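Numbering of ligands and ligand atoms starts at 1, following listing order. What you see is a predicted model; the values in this text were computed from it and never measured. If you read the sequence from its start, that first residue is 1, and numbering goes on from there.
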Amino acid sequence: MAKHYFIVTYGCQMNVHESEKIAGILRAKGYSSCDAQEEADIIVFNTCCIRENAENHAYGNIGALKKLKRARRDLIIAVGGCMTQQAGAAEKLRKKFPFVDIIFGTHNLEELGKFIDEKAGGRKKVVEISDERDDLGDDEDISYRTSYPNAWVNIMYGCNNFCSYCIVPYVRGRERSRRPEKIIAEVNSLLDAGYKEITLLGQNVNSYGNDMGKAFTFPALLSDICKRKEKFRLRFMTSNPKDFGEELVRTIAENEQVCNLVHLPVQAGSDRILRLMNRKYTAGEYLKKVELLKKHVPDCQLTSDIMVGFPTETEEDFQATLRLVKEAGFSTAFTFVYSPRSGTKAAAMEGQIPEEVKKDRIMRLVELVNSQTREISKGYLGKTTEILCEDYDKKKGLYLGRDEYGRMGYFKSESNLIGQFVNLKITDASGVSLYGEVQKPNTKEERI
Ligand code: 5AD
Ligand code: SF4
């Protein structure tokens, strides 16, 4: 009988992409996907630990499987991802969830197939958490993807920055760049297969190549990928402002394929807080980089990650964040309440901020960000924007896709346009989403 897998993914795009790798491993072992946990022969949790609530979600959902496991002894439950890689986490998981069969760390993902064999061969429980991987995952063969016409491509792993609040450097290890020729080969094969949007992934893409003697930089990588002349979009995340510079800005300006949307996490607007966060730039320096970007790429939009409630943050510090959000003119932003992560410097700092103060600040921040998003939406009304059609929303009965700036646009179509670029004349743009009508190619319309 056919065996089925079910993967539960938490966290960032890196994890979503790694779940594709997990799916590829499981498919190679003869499993196919299914729509419900109850139908699965193996359930894999790909976890995140960047904030406490991401962990709590995973804990809750893993715990809820106890019953299912009791009823079905042959069900395999595996837990991997960032949560398992934290100091002491494997032991904690083992105690809390004795029914989990396989616990694997971020550096052990490629071995999942082997762990399943070991389990089938009678090993009672597999717990494998390596400290660091010695190979780069350079030869990774992504045999299965779930996001056509978009594809993610890892260009580097890990992070060396040790921002004082962040657990990532502890659970993902030091920066390791993939060889440029491997990345370019992967991108080329995706474009050959008809993918239309490539997103390059790394915790800090600007330091790409630093571990290879700087022989190859991130802008050089972008330029090389853009030698392909067919129409496609190239995105990247995440850029760290401290290393964001003129060469990259020029590369964005010169290559049509590189989207004019930059995700540049600022985190805070107060220099004192930025220093405590170990971000290595001031608010003024950040805004200078924004200015540089806008000078070279005038139609560029900017998004960001912003945090409230970092230890010792005062109302005045928070006001500086609000000012910066306005000055930088973010089109949208991911907003977070600071969450102490055990083992990081900030978790041990004095002056942790009470929950109700954090809540009040996040509400005010979200309101400001949303008002800026709405304002930019209004600018879309009556104009035409190019959408890459990604999917069909059954509930709405509409096709959908994003424009260059990441805005979701919905529209009616008789034919299936998934994987095609479509010009959309926007008729409704009240919130974050756009609604419009498909325009014939070459219609002369005012463009966004
Ligand atoms: N608490 C809250 N937000 C965090 N981030 C990283 N660590 C924490 C934390 N401990 C946010 C940052 C980062 C994004 C991916 O998650 O804003 O840019
Ligand atoms: Fe975390 Fe800072 Fe590295 Fe981003 S750059 S992953 S916030 S330590």
Relative to each other, are the rings of Phe336 and Phe334 parallel, tilted or perpendicular (30° and 60° limits)? parallel

Checked atom 1 (Fe) of ligand 2: protein N, O or S atoms closer than 2.8 Å come out as Cys166 SG

Got a second to check how far Asp211's CG is from Arg176's CZ, nearest 0.5 Å? 9.0 Å

In plain terms, say whether Glu186 and Arg178 are close enough for a salt bridge, that is, a side-chain N and a carboxylate O under 4.0 Å apart. yes

Have Lys345 and Asn278 got a donor and an acceptor in their side chains that come within less than 3.5 Å? no

Can a side-chain donor-acceptor contact be found between Arg279 and Tyr165 if the only test is distance below 3.5 angstrom? yes

May I ask whether Asn240 places a heavy atom under 4.0 Å from ligand 2? yes

We want to know whether Thr312 and Arg272 form a side-chain donor-acceptor pair, criterion being a heavy-atom distance below 3.5 angstrom. yes

At a 4.0 Å cut-off, with the gap strictly under it, does some heavy atom of Arg172 reach an atom of ligand 2? no

Angle class for the Phe236/Phe218 ring planes (parallel below 30°, perpendicular above 60°, tilted otherwise)? perpendicular

Measuring from atom OH of Tyr208 to atom CG of Leu221, what distance do you get when rounded to the nearest 0.5 angstrom? 5.0 Å

To the nearest 0.5 Å, atom SG of Cys259 lies from atom CD of Glu197 at 5.5 Å

Contact atoms of ligand 2, heavy-atom distance to Arg279 under 4.0 Å: 2 (Fe), 7 (S)

Using the side-chain contact (heavy atoms from CB on, under 4.5 Å) criterion, which residues pair with Asn160? Sequence neighbours excluded. Arg174, Glu175

Taken in chain and number order and not counting sequence neighbours, the residues that satisfy side-chain hydrogen bond (donor to acceptor under 3.5 Å, both in side chains) with Gln319 are Glu315

Which protein N or O atoms sit under 3.5 Å from any N or O of ligand 1? Give atom names and distances.
| unit_1 | atom_1 | unit_2 | atom_2 | d |
| --- | --- | --- | --- | --- |
| ligand 1 | 1 (N) | Ser339 | N | 2.9 |
| ligand 1 | 3 (N) | Arg51 | NH1 | 3.2 |
| ligand 1 | 5 (N) | Arg51 | NH1 | 3.4 |
| ligand 1 | 10 (N) | Tyr165 | O | 3.1 |
| ligand 1 | 10 (N) | Ser339 | O | 2.8 |
| ligand 1 | 16 (O) | Arg51 | NH1 | 3.0 |
| ligand 1 | 17 (O) | Gln267 | OE1 | 2.6 |
| ligand 1 | 17 (O) | Gln267 | NE2 | 3.4 |
| ligand 1 | 18 (O) | Gln267 | NE2 | 2.8 |
| ligand 1 | 18 (O) | Asp305 | OD2 | 2.6 |

